[in-house]
Amino acid sequence: MRRNKPTGSDLKILFEDNHLLVINKPAGLLTQGDRTGDRSLVDYVADYLKIRYQKPGNAFVGLVHRIDRPVSGVVLLAKTSKALTRMNKAFAEGRVTKCYYALTNQAPAQESAVLVNWLKKDPVKNRTKVFHKETKGAKRAELRYSMKTSHGSKHMLEVYPLTGRPHQIRAQLGAIGCPIIGDVKYGYRGKPSHEIGLHARSLQFEHPVKRESLDVVAPLPNGSQWRPFQPI
């Protein structure tokens, strides 16, 4: 399976100042290193910072949150420990608004809804199981979605996860019969891909130092599955 192999100079930077760095991550690239040993976004950001600012030692890279390998879009990193601590707290307290665009071949029964489930991650299979009622060992998950637009048999949903559970959007949409395009792990019937139809579109939050409101938006990927929806 093909993997994206960017270099530091290939990073798509959406925002940068002395405290934060926001990247539009390509699908297929790990956010953080794992047992595969493949280079990750964090590795490339460290290279970028070291070269860009001529740092003699290792550059500080604070990963505030993650998105799955086959998902593209906004990833926020901190350049200082103070910014990392404050942004971790903002995420934990629900003071960050996350918006995703999801592509499905099946339109949901309701054009908009709030989904509440209980999710349990299987670390061996790297898959999240969905329960429709409170279940021992499972964590409550909530998201809000609405139909944004359709093109032929493809439907774009705008999704706001209100909790941050592993594979949450993928698992919850799959559970209502609307698996994300390419996401065979959660019910898509077709050829598996390193790039699924899920894009972290934007993050809204207060700057951890300047206290200004920020709304960082990532353009849609150039892949064929997204082309009918350009230039949204």
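- Atoms CZ and CG, on Phe205 and Leu214 in that order, are 4.5 Å from each other to the nearest 0.5 Å.
- The cationic group of Arg201 does not satisfy the cation-pi geometry with Tyr100, failing either the under 6.0 Å distance to the six-membered ring centre or the 45° limit from the ring axis.
- Proximity of Leu162 to Leu143: side-chain heavy atoms (C-beta onward) are nowhere separated by under 4.5 Å.
- When each of His155, Gln225, Glu195 is paired with Ile181, the side chain to side chain contact (heavy atoms under 4.5 Å, CB included) condition holds for Gln225 and for no other.
- Ring centers of Tyr186 and His167: under 6.0 Å apart, within the cut-off.
- Atom NZ of Lys12 has 12 or fewer heavy atoms from other residues, nucleotides or ligands within 6.0 Å.
- At most 12 non-hydrogen atoms from other residues, nucleotides or ligands lie less than 6.0 angstrom from CZ of Arg189.
- Summarising the local packing, CG of Asp122 is surrounded by more than 12 heavy atoms from other residues, nucleotides or ligands at distances under 6.0 Å.
- Few gaps surround CD on Gln230; more than 12 heavy atoms of other groups in view lie less than 6.0 Å from it.
- Between Arg95 and Glu93, at least one side-chain nitrogen of the basic residue sits less than 4.0 Å from a carboxylate oxygen of the acidic one, meeting the salt-bridge criterion.
- A salt bridge does not link Asp47 to Arg52: none of the charged nitrogens lies less than 4.0 Å from a carboxylate oxygen.
- Taking the six-membered ring for Trp and thresholds of 30 and 60 degrees, Phe91 and His65 have nearly parallel ring planes, at less than 30 degrees apart.
- We find that Arg170 and Asp68 are joined by a salt bridge, their nearest charged nitrogen and carboxylate oxygen being less than 4.0 Å apart.
- Note that CZ of Arg66 is 5.0 Å distant from CD of Gln32, once rounded to the nearest 0.5 Å.
- Residues Glu158 and Cys99 are in side-chain contact: their nearest non-hydrogen atoms beyond the backbone lie under 4.5 Å apart.
- Looking at Leu20 and Leu77, their side chains never come closer than 4.5 Å, going by heavy atoms from C-beta outward.
- Considering only heavy atoms from C-beta on, Leu198 stays 4.5 Å or farther from Asp183 through its side chain.
- In the displayed structure, Gln204 atom CD is contacted under 6.0 Å by more than 12 heavy atoms of other residues, nucleotides or ligands.
- Aromatic pair Tyr101/His199: centroids not less than 6.0 angstrom apart.
- Within a 6.0 Å sphere centred on CZ of Arg127, heavy atoms belonging to other residues, nucleotides or ligands number more than 12.
- Side-chain contact between Thr104 and Tyr188 is absent, with no heavy-atom pair separated by less than 4.5 Å.
- When each of Lys139, Arg140, Lys120, Lys136 is tested with Phe131 by the rule side chain to side chain contact (heavy atoms under 4.5 Å, CB included), just one qualifies, namely Lys120.
- Taking 4.5 Å as the limit, every side-chain heavy atom of Glu206 sits out of range of all side-chain heavy atoms of Ser213.
- A salt bridge links Lys79 with Glu16: the closest approach of a Lys/Arg side-chain nitrogen to an acidic carboxylate oxygen falls below 4.0 angstrom.
- Asp17 contributes a side-chain N or O that, together with a main-chain N or O of His19, makes up a donor-acceptor pair within less than 3.5 Å.
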